[in-house]
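Beneath this line is the structure, given in structure tokens, with notes to follow.
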Amino acid sequence: MRNTFKDQKLEECFQEDGYVEVPFLTNEEVEKLKAYYFDTLKESGGRLGPEDEKYSSNQEITYDFTFIDKNTDYKQQVFDMITKSFANRVDDYLDNYKPIIANFIRKKEDGGEVPLHQNWAFADEHKCSTVSIWCPLVDSNKDNGTLEVVPGSHKRYGEVRGPMIKSELADIQSEIIDKYMQPVETKAGNAVVLDDSIVHYSSPNHTDGLRLAIQLILIPKEEKSIHFHMDLSKDRSMVEVLEVDKDFYMKFNPWKKPSEDVPRIDSFKYEPFDMKIEEFGNKLNQPRFDDNNQLEKPVKELSWWKKVQSKIIRT
Ligand SMILES: O=C(O)CCC(=O)C(=O)O
């Protein structure tokens, strides 16, 4: 397993808890990025929704999120600004990582709950961890809807994650929030570096102040970026493995069907399932899904997704 951090102490904390908080931006950098956000907001094309992709969903998004902006040029501009502003600090902390998605996340007053989720899989999580750097541009706390995490929940749930794949945690979200979620109260300019597989959530902004944060998703430079897609109209237990890059995400949103031109490098059988809260609690203390010591020899040698498939067939 490859290191995520250059510093060994940070690496150990990250592997233990699934996240670490580090100093990241200066006050001037925070102010500059905040000003940039408001100065360029007129170029935003507004929020895309499921209906824009002729997809029916009752999922309502109540926060502003660059990833679902209708204007691709604006998304690109935000990506360039954030990656440039973060580059030096990313290299100080992370061991050879490249950015693939950049977002501003803004919650208006009395809205902006981000439902419990794990970020999508972006690379082979049996070989590495992919990360999100979450950096609030205002002090963030429980009142204004700071990020909340289940410490130690990374690489224990949702081994196969993508926009069309139902999470095994979907039906126990509120129980997990009540029992396990912990707010990470973070000063403006500090960053929380998350393993993308950690279970996380954020509550509405209950203040009348600004709640603005940046999220930058990165994967190891040497890794292929992959995306798991399930075509629900064709087969609800077949996952296609797409090889993608940052330009794929520039034109992509959670409800869009990936174009046929994107290379499909493999496919595998996977049956989405529902987990009970007792099992969630037990699994927190069990080995992670990237712990290959649990696997028999022939399975150990398979690609990540074929391992998933063979584990399912074996049980
Ligand atoms: O900004 C937030 O409150 C949520 C962020 C989040 O879910 C993420 O960075 O994956």
Side-chain angles (χ1 to χ4, degrees), residues 44-79 98-105 114-125 130 132 157-171 173 196-197 215-219 223-274 303-306 308-309 312:
S44 153
R47 253 187 242 157
L48 272 163
E51 63 290 348
D52 293 294
E53 302 292 345
K54 303 189 177 39
Y55 182 79
S56 103
S57 162
N58 48 16
Q59 179 190 10
E60 200 208 340
I61 294 194
T62 60
Y63 47 92
D64 291 329
F65 187 43
T66 317
F67 192 66
I68 53 170
D69 202 279
K70 286 183 181 162
N71 182 357
T72 312
D73 293 338
Y74 172 71
K75 268 176 94 169
Q76 181 68 54
Q77 208 192 110
V78 166
F79 181 88
K98 63 183 173 196
I100 53 166
I101 297 176
N103 290 305
F104 281 108
I105 305 166
V114 180
L116 177 143
H117 67 287
Q118 299 168 269
N119 295 342
W120 301 339
F122 294 109
D124 185 339
E125 292 185 341
T130 75
S132 284
Y157 313 93
E159 194 165 0
V160 182
R161 308 187 308 279
M164 293 299 159
I165 303 169
K166 189 188 172 206
S167 161
E168 66 230 40
L169 309 180
D171 296 347
Q173 291 185 50
D196 280 313
S197 65
Q215 179 201 32
L216 182 65
I217 303 181
L218 304 104
I219 69 171
E223 283 299 320
K224 264 192 202 134
S225 175
I226 53 110
H227 178 79
F228 288 140
H229 175 62
M230 190 179 263
D231 188 338
L232 299 176
S233 66
K234 271 203 220 142
D235 187 342
R236 292 175 170 257
S237 61
M238 186 59 76
V239 177
E240 293 179 334
V241 185
L242 277 57
E243 187 175 341
V244 300
D245 55 16
K246 72 173 183 51
D247 297 328
F248 168 82
Y249 289 112
M250 210 52 81
K251 298 184 198 100
F252 191 66
N253 68 64
W255 310 283
K256 197 174 165 110
K257 197 169 172 218
S259 130
E260 292 301 323
D261 303 337
V262 182
R264 266 71 175 162
I265 56 173
D266 211 344
S267 63
F268 63 99
K269 275 229 127 348
Y270 175 73
E271 296 277 358
F273 62 100
D274 297 320
S303 71
W304 168 30
W305 43 86
K306 294 291 183 198
V308 176
Q309 175 171 284
I312 285 160

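Quick caveat, the model's predicted, so the values are computed rather than measured. Heavy atoms only: backbone and side chains are in, while hydrogens, waters and symmetry mates are out. This chain uses plain numbering: 1 for the first residue, then up along the sequence.
Atom CD1 in I100 sits 10.5 Å away from atom NE2 in H227 (nearest 0.5 Å). Note that the CG atom of N103 and the CG atom of D64 stand 11.5 Å from one another [nearest 0.5 Å]. To the nearest 0.5 angstrom, I105 atom CD1 is 4.5 Å from Q215 atom CD.
Across all non-hydrogen atoms, the minimal contact from Y270 to E168 is OH-OE1, 3.9 Å. Shortest non-hydrogen contact noted between D235 and K269 is OD2-NZ, 4.1 Å. Closest of all the heavy-atom pairs between W304 and A123 is CZ3-O, 3.0 Å. Here the closest non-hydrogen pair linking N71 and G45 is CB-N, 3.7 Å. Considering every non-hydrogen atom in both K75 and K251, the closest pair reads NZ-N, 4.4 Å. Contact between K70 and R47 at its shortest, heavy atoms only, is CE-O, 3.6 Å.
With no hydrogens or angles considered, no side-chain donor-acceptor pair links H229 and D231 at under 3.5 Å.
Taking a cutoff of 4.0 Å between a charged side-chain nitrogen and a carboxylate oxygen, K224 and D124 do not qualify as a salt bridge. Under 4.0 Å is where a charged nitrogen must lie from a carboxylate oxygen, and between R161 and D196 no such pair does.
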Any chance you could lay out the ring pair (Phe, Tyr, Trp, His ring centres under 6.0 Å) test for Y74 and F104, step after step, and finish with the verdict?
CA-CA 11 Å; Y74 172 71; F104 281 108; 7.9 Å; no

- [ ] Take W120 and F248 through the test ring pair (Phe, Tyr, Trp, His ring centres under 6.0 Å) and record every step on the way to the result.
- [x] CA-CA 14 Å; W120 301 339; F248 168 82; 8.7 Å; no

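Other residues, nucleotides and ligands contribute only 12 or fewer heavy atoms inside 6.0 Å of the CZ atom of R236.
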